[in-house]
Amino acid sequence: MTDVTVAALPAPRSIWSLRFEKFRGHRLAMYSLVFLAVLTAICLMAWPLSQYLGIDPNKTNLLARFKAPNAQHWLGTDDLGRDVLIRLMYGGQVSIAVGLLATFLMTVLGVAVGVTAGFLGGRTDAVLMRLTDCMIALPLIPLLIVLGAVDLTKLGLSAASAGSPLFIFLRIVIIIALVDWTTMARIARAGAIQVRDRDYVRAATVAGAKRRYNVLVHVLPNISTPLIVAATLTVGRVILLESTLSFLGFGIVPPTPTWGNMLTNAQQLIISAPHLAVYPGLLIFATVMAVNFVGDGVRYAFDPRAENEGRSH
Amino acid sequence: MKMKKALAGALLAATVLASGGVQAQPDKSTLVVGQLQFLTNFHPLIQVNNTKRLVVNYGLRPITAYDENVVNQCVLCDQVPSLQNGLAEVVDNPDGTKGMRVRFTLKQGLSWGDGTPVTTKDVVFTHKMGSDEKIGFSNYNPWSRASSVEVVDDRTFVLVLPEVVSSFASWDQILPVHLEEPIYAANPDAESYTKQSLYNTKPTTPGLWNGSFMLTDYQIGTRLIWEPNPHWPGAKPGLSRVVLSYRDNSSALMQNLLSGEIDAVPVSPGGISFSQMLDIQGQNPDKFSYHIADGTNLERIAMNLDNPILSDVKVREALLLSIDRNAITEALFQGKQMVANGLLSNTSPYYNNGMETYSYDLEKAKALLSEAGWTPGADGICVNGKGDRLTLELATTAGNQTREQIAQVIQSQLSEACVEISTKFVPLQEYNGELARKRQFTGLIMSSIDFSPSTSPRIALGSNRVPNSENKFTGNNFSGYKSEAMDAALDKFDTALSADETKAAWTEIQSTFAQDLPMLPLYFYARAYVSVPDLTDFRQSTYDPLQNFAEEWHRH
Amino acid sequence: MLRYTLSRLSQAILVTFVMSFLLFMLIGLMPGDPLENMLEGNPSLTPELMAQMRELYGLDQSVFARYWNWLMAALSGDLGYSSLYFRPVTDVLFPAMLQTVKLMGLTLLVSVPLALLLGSLAARKPNGLIDSVVGVFSFASISLPNFWVSLLLIILFSVKLGWLPASGTPLSAAPSALEQMRHMVLPVAVLAMFHVGPLVRYVRASMIETLSADFVRTARAKGLGEGSVMVRHALRNALIPMVTVLALSFGSLFSGALVVETIFGMLGMGKMIYDAIGNIDFNLALVGLLLATIVTLLANLLADLAYALLDPRITL
Amino acid sequence: MSNPLLEIDRLSVHIPMRGKGLLSSGIKLRAVDEVSLTMQRGETLAIVGESGSGKSTLGYVVAGLRQQTGGSLKITPSRPHQNGRKPVQIIFQDPFSALDPRMTVEDIIGEPLRLMGQDRGTRRGRVLEVLEQVGMPAEAAQRYPHQFSGGQRQRLAIARALIGDPELIVADEPLSALDVSIQSKILNLMSDIKERHGISYFFISHDFGVVRHLADRVAVLYLGRLMELAPADEIFANPAHPYTRALMDAVPRIGRGRRKRGQVLKGEIPTPLNPPSGCVFHTRCPRATAICSTERPLLLPLVSRPAQLAACHHKE
């Protein structure tokens, strides 16, 4: 009965290994990925390094302001005698964490909205997509500033918890996710509509699958490709948004360092210490640029048009 | 080919644009002053703050003002009243208490910008409005001190004071009756009057101004333009135009100063910070003139004494001992702004040399804390017997870099003494309103307070000056400090009519303050101004705004 | 077409109302109390008087009732009073709008031709050297923090070299055209640098597409010069849908303008909103944000209509 | 045999058309219009018609993918189906869209069992079993769909349909996307399975050649209506309805070379939004007379052959 020989089948090879191979071919993306990995590793070294050098990142030392780079302070000190390098590293942790967390959150949000709209269709779809259009229409930064200015004690939160650094951090993550989930929603919706009408979903339905099963088992894995590409590019935008917001004073506030609020501080010191304006900005730029290149690489790697795999009937 | 032409064109255009700046000759008849914080409203006597005083006095002069030697001088009047010259006298009130009569004569030829003479009618009108609680003047020397104004003639009037006050000879600006009275009559409450006042609806009306300059043009949030008042009877102004150019933050002001966009800038408040001035001075010692004088404006931390931690004077002393104020002023101000030991600076003639002072002493601070029952816990932060942590919130205004820096330094220094501080930077409006005036802060708030020669320290220390609904939330005793000894000393101060009496009262006030420490004094702001070097005849006064002498300024 | 326009317009109006309510709620969540901010510094205010005022302004009512009152007043032309500038909101708004229109208009004048130039150059030889350089440039454009670029340009051109002013607003009451231009150079440069990146990518993609289209090949076959083919055929075809792309970029351009206006001290819409929020000026913040939203919605609407009008494949 | 496996009684699917905006336009698309059918166990019923005739819609209703808007449908399984086992399964036309590219073959084929709640271990044995039944090696289980050809994929789809042990398989043009050489192999597989498992096919096709090999009975649909219903032998020998005849003449057959010249359908199929009055076929019917445009013909047995039913005023 068996009329297909095993030898005729290609060796099993996951689509991921193929993609990784393509990604490796995108040189800028590869370099960027290495850069980001190194940067993240360095930022994560902040605590051990500060222990090793005997530095407390928030400890001010007025006798050691604007110190030139030396054995203890590798990039020198700032206007309050704090170590610039360690603060940059902590700031990097914040930026990267906000970037990843907010992207994750907005992916969840966008996918929830998009898949609901795409899979249910009809009036739900119409309403949700109008909502998405509205959000897209809004200028992001002014909206973020309002959200950043919202007094959480008016929402019943205690003043102490509203002012805690962790809460301020989460608040940034949440408000960025709240205003920027629309791209994800559109992609998820388009994907969901496509997958919804695929025969494999129909076959599962005939076999007794409910909506939940189809969404989880069929829709989500099949729209993951464009979502991963979009998410990568989003990380860069989020880092930029966070730094802009912190720079404008509606983001993460001192003494917690971020690249954005370090620039606010540096803005005041451009006469006495113009170099302080260089590092954080350069890091934001390099990080966002690298993330965008990686995004471009991922897009290239995932692009089916660039796929060599032929489909023969 | 086309590309090359376009490129050449672009280069040419760039050169023209760039060279415009290099070649532009400074206009010597104009002074461009950079400022922070555009006026919320232009009315000279409502919602008055330091920033407004820096502006309004170009065009509207007070009756009297202190000069650079801290001597009270006549601006609109002929002679400063005193008990010695007989223009002021202590009289018996019908109910047996003592009152005062103070006589002024307006200068000959004083005139509003539209040519209408300034007369006693304007004084009567201003007094009437200034005593009307619904209008709510908030000027520095309240008109409500006088119960009535007796008109002698067009230029002479007598102010009748129901109480003896030491500040009897200090009086602020007057308003033009011919323009503002109809508006006041139609709008008898603060809300609508302020909105309808010509100062806000049409501030370029010449008749609103009686100083050497008047406001001729303005653009909201951006600039104010002052030009000479043709009816000013005094010296003809040396500048034909003063432009107040508003910038968002002090670093923008600094950039504009360095790029030659602005010619002068006040140093905090209302301008660049003192440390920014030092930065500029360090790099460009000759490019600008640096006018620096001692000031009376005190940066201090008020403490909520209702907080059980802070009600213990030992804790307050420990806090002050753990803040290295010398290091702060040395590092941030090169020591050019003086550390404050109390309410008055060491250079004041009334300074009390005998009182207790608190220089940085961490060991003593720790000892005091343990005496007060606070011992370091596992994480280095003190706890008391009940297990409470020694943690306090320090709030100050957002956007002021010096304050934010100092707050972070204090946070860091107090942690050495086992005190945990969380910092909070709030917008100015919120700070002044809810936090300070409504006393909604739990721990520490940092801001400045100015004790002018005519202002009683009662506003910050009197037990009746704790802001509450009874006194309509006036008063600056944000700590909630109540001391009978202090109240008695303040009574003496308020009725002192001679320098000796005043000095004795000040001595007592300062000693009591040093014992009780109701506030933590940090440093005194210097009065400073940075200008192009060709600005001459620039007088800098300790207390009153230098704009009172703006007609004397020249550029050569 | 008319039906489609009306339907889209009515949707936009509905959205505007929904947004106005949401913003009203959000603004109400800013710290402080509108009445106290308005009357701050008036020492003679008794609690009774406050309560009276509260009633007078309807602040004791529910948020819905307050919104309704506000909406009715706004529709009758009363947009309220700015507590920051002590003027009716409209008095502050219009000069600010003009300023922003000027800034954004000049930016478009720079960014659109630049995008067309760079995009066309890149499209001539995809994956060639110029294309790679332009590609990196457009990536840099979307990755640059615009506030940082502003700072660097100010340090270099204003503070160090002294060539250009550090602010975007001329000081004199009647500045000469040259003076105005000089003040706009840095702000426009920053904004254009930030705006041009996505445009370049768009122009490049659409040029490559049209260059490979049949009619372009025909034109080439007819012996038209390369430059002529580029300009007359490819560029013109790429231009038409560009209107849509530009309209859709309005929101991000406005966001960029906010940052630039704030740094260069220009009282445009963006800085006005920023100041209003920072100084808790409820009315100004609300109206400013709403106006920005409406204009963005309109731009999007126009983009849709233009797209529908210009693209024959879409029938209405 | 007691009662039929499938009973369809005057079943209709009318789809309301959405107008522009949110309102319904009131127009209905009559995809399936009052169709009545029965199917016996083990029987293969072929549904034949042009595209747009409603045959797929009918198949979707039988498979439970779509709800009818009128009439009734009853499936009576011979065995009690417990644990979520479904008596009906489905095979699709496009083997590429039919298999989830993200799943391994084992997971794809095992999906119906997974939906019944069986664990992976239990499923595996059954998956290998059906793989063998459809002629695929066990090694295929760990591969992904993109590693298989169209014919192989169709085998996998059949395997998935088989695994749940159904009694009826709706096959929606399962061969039309395949090469002719592969078609016959799959066809043999299907008839093989039918014989071994006693499965009924609801076999949708537009190809009489294929139908002839597999079908026991044939139903001809046109514009959602049943035109003819007859045993396969009879209909191929003597098509009673002119539409059936036209279809047979128009379609090329496996192994028979080119289509026979003769009666070929004129014009396009009318829109089901506005079907012709009377006999829906009258607009294209070579035998149409006046009565055809006014009166709807009933589906009635032929006088000579009572098993053969046709809805025509002019049956042959």
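Just so we're on the same page: letters track the sequence lines, and every chain starts at 1.
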**Report entry** Inter-residue atom distance M289(A).CE - L144(C).CG, 0.5 Å rounding
**Finding:** 8.0 Å

Query raised in the report: Relative to chain C, which of G236(A), G148(A), S243(A) shows the most heavy atom pairs under 4.5 Å?
Result: S243(A)

**Report entry** W148(C) vs I284(A), side chain to side chain contact (heavy atoms under 4.5 Å, CB included): CA-CA, chis, key distance, verdict
**Finding:** CA-CA 9 Å; W148(C) 181 58; I284(A) 298 171; 6.0 Å; no

Report task. Find the one option among V295(C), I27(C), I142(C) whose heavy-atom pairs under 4.5 Å with chain A are most numerous. Result -> I142(C)

Query raised in the report: Looking at side-chain heavy atoms only, is the closest gap between T244(A) and P145(C) below 4.5 Å?
Result: no

Requested in this report: Go through the atoms of L151(C) and report whether side chain, backbone, both or neither lie under 4.5 Å from a heavy atom of chain A.
Outcome: side chain

Query raised in the report: Most heavy-atom pairs under 4.5 angstrom with chain A, which of T296(C), L14(C), I154(C), N146(C)?
Result: T296(C)

Requested in this report: Sequence neighbours left out, what passes ring-ring contact (aromatic ring centres under 6.0 Å, His included) with F247(A)? Give chain and number order.
Outcome: F147(C)

Query raised in the report: Atom CD in Q267(A), atom CD1 in I155(C): separation rounded to 0.5 Å?
Result: 9.5 Å

Query raised in the report: Taking atom OG1 of T293(C) and atom CG of L143(A), what is their separation to the nearest 0.5 Å?
Result: 7.5 Å

Query - Which atoms of L282(A) approach chain C - backbone, side chain, both or neither, heavy atom under 4.5 Å - result: both

Report summary line: Taking a cut-off of under 4.5 angstrom between non-hydrogen atoms, the residues of residues 251-259 of chain C near chain A are G251(C), F254(C), S255(C), L258(C), V259(C)

Report summary line: Of the listed L140(A), I141(A), L131(A), L28(A), the one with the largest count of heavy-atom pairs under 4.5 Å with chain C is I141(A)

Query raised in the report: What residues of residues 15-24 of chain C sit under 4.5 Å from chain A when only non-hydrogen atoms are counted?
Result: V15(C), M19(C), L23(C)

Query - Minimal non-hydrogen separation, L248(A) against T262(C), with atom names - result: CD2-CG2, 4.3 Å

Query raised in the report: Going by heavy atoms in the side chains, are F250(A) and I277(C) under 4.5 Å from each other?
Result: yes

Query raised in the report: Looking at side-chain heavy atoms only, is the closest gap between I145(A) and I273(C) below 4.5 Å?
Result: no

Query raised in the report: Which residues in residues 128-140 of chain C have a heavy atom less than 4.5 Å from any heavy atom of chain A?
Result: V136(C), F139(C), A140(C)

